[in-house]
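Beneath this line is the structure, given in structure tokens, with notes to follow.
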Amino acid sequence: MREAARSIDEYESSNSMRRFNFLFDNYAVMEPLISEYRERLIDEVMEQKTSNRKDEDEGLGVRIQVAFVRNNDPTATDAMSRMAVGKAIDRGFLDEDFFEGTDERDELIRKVTCYHMVSAGYERFGKTLKTMRENEQRILLPYMMKRKTITELSDELGISYDGIAKKLLRMKRKMMVKVEPERPLTERSNDEGNKKG
């Protein structure tokens with residue numbers, strides 16, 4: 001999963017074909033991937049805040065630091081802070097409280113943007129999949145969910161291996177146009193060139 005999570009980091013800067021292929025190839029595990037990416041992002045923000053808070057506390061002296069711990073429940077404070085960070089990420093609204101105690105503002109903005117882009121892409125992908133005809137879904141879903149191979153689909157449906165492979169390619173292209181409608185013409189012409197080659 002770490003490899004796919006790294007791909008989420010590259011999602012925003014990828015071209016539309018790579019984004020679509022990422023969603024298509026990882027459809028079976030997209031929900032846990034997105035969830036894991038979100039948790040890792042929260043962890044990253046919390047680690048930066050904790051590390052910077054420790055650096056500040058070291059300069060306060062022992063007496064003040066002990067008094068601070070007695071008056072506050074650090075576990076509850078961390079849990080509330082973690083919840084606030086998670087909500088900010090989900091809303092995509094990153095205010096000064098979110099960035100307080102963090103070091104890499106631009107990188108965190110980029111990662112939150114990636115999170116929202118891949119989440120929106122996955123949602124659009126799922127809705128598009130539901131608009132496909134029933135006979136198309138009978139091939140696409142088991143294949144994308146990694147429940148059946150092309151060979152198994154071929155045997156089950158009585159269609160040649162090449163026939164199933166061609167159907168999958170046609171359906172994939174049909175979905176791509178709906179999922180990535182803003183896809184530049186240069187990418188589409190490159191795709192057409194690849195199809196002929």
Side-chain angles (χ1 to χ4, degrees), residues 1-44 86-93 110-197:
M1 269 208 203
R2 290 202 180 276
E3 186 64 39
R6 190 166 37 240
S7 294
I8 290 178
D9 262 339
E10 299 163 6
Y11 190 85
E12 172 221 10
S13 61
S14 296
N15 65 31
S16 55
M17 185 187 291
R18 285 186 65 197
R19 286 196 301 264
F20 177 85
N21 284 331
F22 174 73
L23 294 171
F24 189 90
D25 295 340
N26 294 288
Y27 186 74
V29 293
M30 278 310 296
E31 282 185 35
L33 276 179
I34 292 170
S35 178
E36 179 193 32
Y37 187 83
R38 178 187 180 271
E39 289 305 309
R40 286 176 55 215
L41 185 51
I42 293 171
D43 290 344
E44 184 177 342
K87 281 184 181 177
I89 289 169
D90 292 340
R91 287 191 329 251
F93 179 71
R110 188 191 69 73
K111 286 184 177 183
V112 171
T113 302
C114 283
Y115 168 73
H116 279 276
M117 283 184 73
V118 79
S119 297
Y122 174 63
E123 185 178 335
R124 197 166 54 245
F125 190 97
K127 286 179 180 176
T128 300
L129 188 56
K130 288 177 185 170
T131 68
M132 301 295 277
R133 292 192 308 247
E134 193 176 324
N135 62 331
E136 293 172 322
Q137 287 186 38
R138 268 200 343 255
I139 295 171
L140 275 170
L141 274 172
Y143 180 75
M144 287 192 315
M145 296 303 289
K146 314 285 190 227
R147 290 192 298 250
K148 293 191 177 160
T149 64
I150 294 176
T151 302
E152 290 169 330
L153 287 166
S154 171
D155 293 343
E156 182 182 304
L157 299 172
I159 301 171
S160 71
Y161 181 96
D162 287 344
I164 292 288
K166 285 177 184 174
K167 283 179 182 290
L168 277 168
L169 189 58
R170 271 196 307 275
M171 289 183 278
K172 188 175 177 181
R173 287 192 179 120
K174 182 177 173 182
M175 282 188 72
M176 191 182 297
V177 170
K178 292 179 179 181
V179 173
E180 295 287 351
E182 73 284 354
R183 203 168 151 221
L185 286 175
T186 53
E187 283 183 31
R188 292 181 191 199
S189 62
N190 287 342
D191 188 31
E192 291 302 312
N194 292 338
K195 182 169 62 171
K196 290 173 189 169

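Quantities reported herein were computed from a predicted structural model and do not represent experimental measurements.
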Counting only N and O atoms by type, is there a donor-acceptor contact under 3.5 Å from the side chain of [X] to the main-chain atoms of [Y]?
X: Ser154; Y: Ile150; result: no
X: His116; Y: Ile89; result: yes
X: Asn15; Y: Arg18; result: yes

Under the side-chain contact (heavy atoms from CB on, under 4.5 Å) test, which residues partner Lys127, sequence neighbours left out?
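Checked Lys127 against side-chain contact (heavy atoms from CB on, under 4.5 Å); matches are Glu123.
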Does [X] have any salt bridge (Lys or Arg N to Asp or Glu O under 4.0 Å) partners at least two apart in sequence or in another chain, and if so, which?
X: Lys87; result: none
X: Glu31; result: none
X: Asp43; result: Arg82

Minimum-distance pair of heavy atoms, taken over all atoms of [X] and [Y]:
X: Tyr37; Y: Cys114; result: OH-CB, 3.9 Å
X: Arg19; Y: Ser14; result: NH1-O, 2.7 Å
X: Arg110; Y: Asp9; result: NH1-O, 2.8 Å
X: Ile164; Y: Leu157; result: CD1-CD1, 4.0 Å
X: Gln137; Y: Lys130; result: NE2-O, 3.3 Å
X: Gly86; Y: Ile42; result: CA-CD1, 3.7 Å

If we only count heavy atoms from C-beta on, is the [X] to [Y] side-chain gap below 4.5 Å?
X: Leu129; Y: Met144; value: yes
X: Ile8; Y: Glu36; value: no
X: Glu136; Y: Arg170; value: no
X: Thr149; Y: Tyr161; value: no

Mind checking the [atom1]-[atom2] spacing from [X] to [Y]? Nearest 0.5 Å is all I need.
X: Leu33; Y: Ser7; atom1: CG; atom2: OG; result: 9.0 Å
X: Met176; Y: Phe20; atom1: CE; atom2: CZ; result: 5.0 Å
X: Leu140; Y: Thr128; atom1: CG; atom2: OG1; result: 11.5 Å
X: Met175; Y: Leu168; atom1: CE; atom2: CG; result: 11.5 Å
X: Phe22; Y: Met30; atom1: CZ; atom2: CE; result: 4.5 Å

Quick one: list whatever passes side-chain hydrogen bond (donor to acceptor under 3.5 Å, both in side chains) with Asn21, sequence neighbours left out.
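So Asn21 forms a side-chain hydrogen bond (donor to acceptor under 3.5 Å, both in side chains) with Lys172.
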Apply ring pair (Phe, Tyr, Trp, His ring centres under 6.0 Å) to Tyr27 and list each qualifying residue two or more places apart in sequence or on a separate chain.
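Tyr27 satisfies ring pair (Phe, Tyr, Trp, His ring centres under 6.0 Å) with Tyr122, Phe125 once adjacent residues are dropped.
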Looking at Lys111, I want to see if its NZ is surrounded by more than 12 non-hydrogen atoms of other residues, nucleotides or ligands under 6.0 Å.
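Yes, the 6.0 Å shell around NZ holds more than 12 heavy atoms from other groups.
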Pair listing, salt bridge (Lys or Arg N to Asp or Glu O under 4.0 Å) test, anchored in residues 143-166, at least two apart
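The answer is Lys148-Glu156.
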